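One structure is given here, and the rest of the page talks about it.
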Amino acid sequence: GKAGCVGIGDIITPMEKETLYLAIVKPDVDCPTGKMYALLDEAEREPVLYEEGSFFNSFDTVCPEECKKAMERLLALGAKNAMLSGSGSAVFGVFQTEADAISAAETLEKEYPFSAYAHTI
């Protein structure tokens, strides 16, 4: 089933299952996890209040410009939300419909080394 995790992943709340339609792209840049954590440690960050159902990834604040541009492209193509997957460099956009996500993935395969459609299960 689907669950929401907060804190350090230790507070788990069951949630209703909802299928999300995703377009995933990987810019031609690497984001090694160790390096990304080092950048996060160096960055000045404000505490973030989370809203239920919101998307947030701390690495979004320190990711390379190529990743930020990929998120902007996904949003420009109609994604409701876009963010890094883990520490990057892959990013995903959440779309209203399967057709919208497939269309975005197909459009972006001309711009990025990797582009794909996926959905949650």
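Please read these numbers as outputs of a predicted model, since none were measured by experiment.
Counted by atom type alone, T33 and S87 present one or more donor-acceptor pairs between their side chains at under 3.5 Å.
Residues L40 and T61 have side chains in contact (heavy-atom distance under 4.5 Å, counting atoms from C-beta outward).
Here ring pair (Phe, Tyr, Trp, His ring centres under 6.0 Å) pairs that include residues 10-32, with residues two or more places apart or in two chains, number zero. Residue pairs meeting the salt bridge (charged side-chain N to carboxylate O under 4.0 Å, His left out) criterion with at least one member in residues 23-35, sequence neighbours excluded, are K26-D30. Evaluation of the side chain to side chain donor-acceptor pair (under 3.5 Å) test over residues 96-105, restricted to residues two or more places apart or in two chains, returns T97-D100, E98-Y117. For residues 69-93, the set of pairs meeting the ring pair (Phe, Tyr, Trp, His ring centres under 6.0 Å) definition, not counting sequence neighbours, is empty.
Between the CG atom in L74 and the CG atom in L22 there is a gap of 10.0 Å [rounded to 0.5 Å]. N57 contributes atom CG, which lies 12.5 Å from atom CG of N81 (distance to the nearest 0.5 angstrom).
Considering all non-hydrogen atoms of both residues, E109 and E106 come closest at CG-O, 3.0 Å. Nearest heavy-atom pair across A104 and A23 is CB-CB, 4.1 Å. Between F95 and G93, the closest heavy-atom pair is CD1-O, 3.5 Å.
Under the salt bridge (charged side-chain N to carboxylate O under 4.0 Å, His left out) criterion, D60 pairs with no residue, sequence neighbours left out. By the side chain to side chain donor-acceptor pair (under 3.5 Å) test, S85 is found to be paired with no residue, residues two or more places apart in sequence or in another chain being considered. Partners of Y37 according to the ring pair (Phe, Tyr, Trp, His ring centres under 6.0 Å) rule, which considers only residues two or more places apart in sequence or in another chain, are F59.
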Indicate every side-chain donor-acceptor pair of residues 62-73 with a distance under 3.5 Å to a residue at least two apart or in another chain.
{"residue": "R73", "atom": "NE", "partner": "E111", "partner atom": "OE1", "Å": "3.0"}
{"residue": "R73", "atom": "NH2", "partner": "E111", "partner atom": "OE2", "Å": "2.7"}

Could you check V91 against I24 for side chain to side chain contact (heavy atoms under 4.5 Å, CB included), going step by step and ending with a plain yes or no?
CA-CA 6 Å; V91 299; I24 305 164; over 6 Å; no
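Following chains of ILVMFWY side-chain contacts shorter than 4.5 Å, one can reach L77 starting from V25, so the two form part of one hydrophobic cluster. F114 and M83 fall within a single hydrophobic cluster, where Ile, Leu, Val, Met, Phe, Trp and Tyr are joined by side-chain heavy atoms under 4.5 Å apart, directly or via other members.
Between the side chain of S115 and the main chain of Y112, no donor-acceptor pair closer than 3.5 Å is present.
The hydrophobic cluster containing L75, built from Ile/Leu/Val/Met/Phe/Trp/Tyr side-chain heavy atoms closer than 4.5 Å, comprises no other residue.
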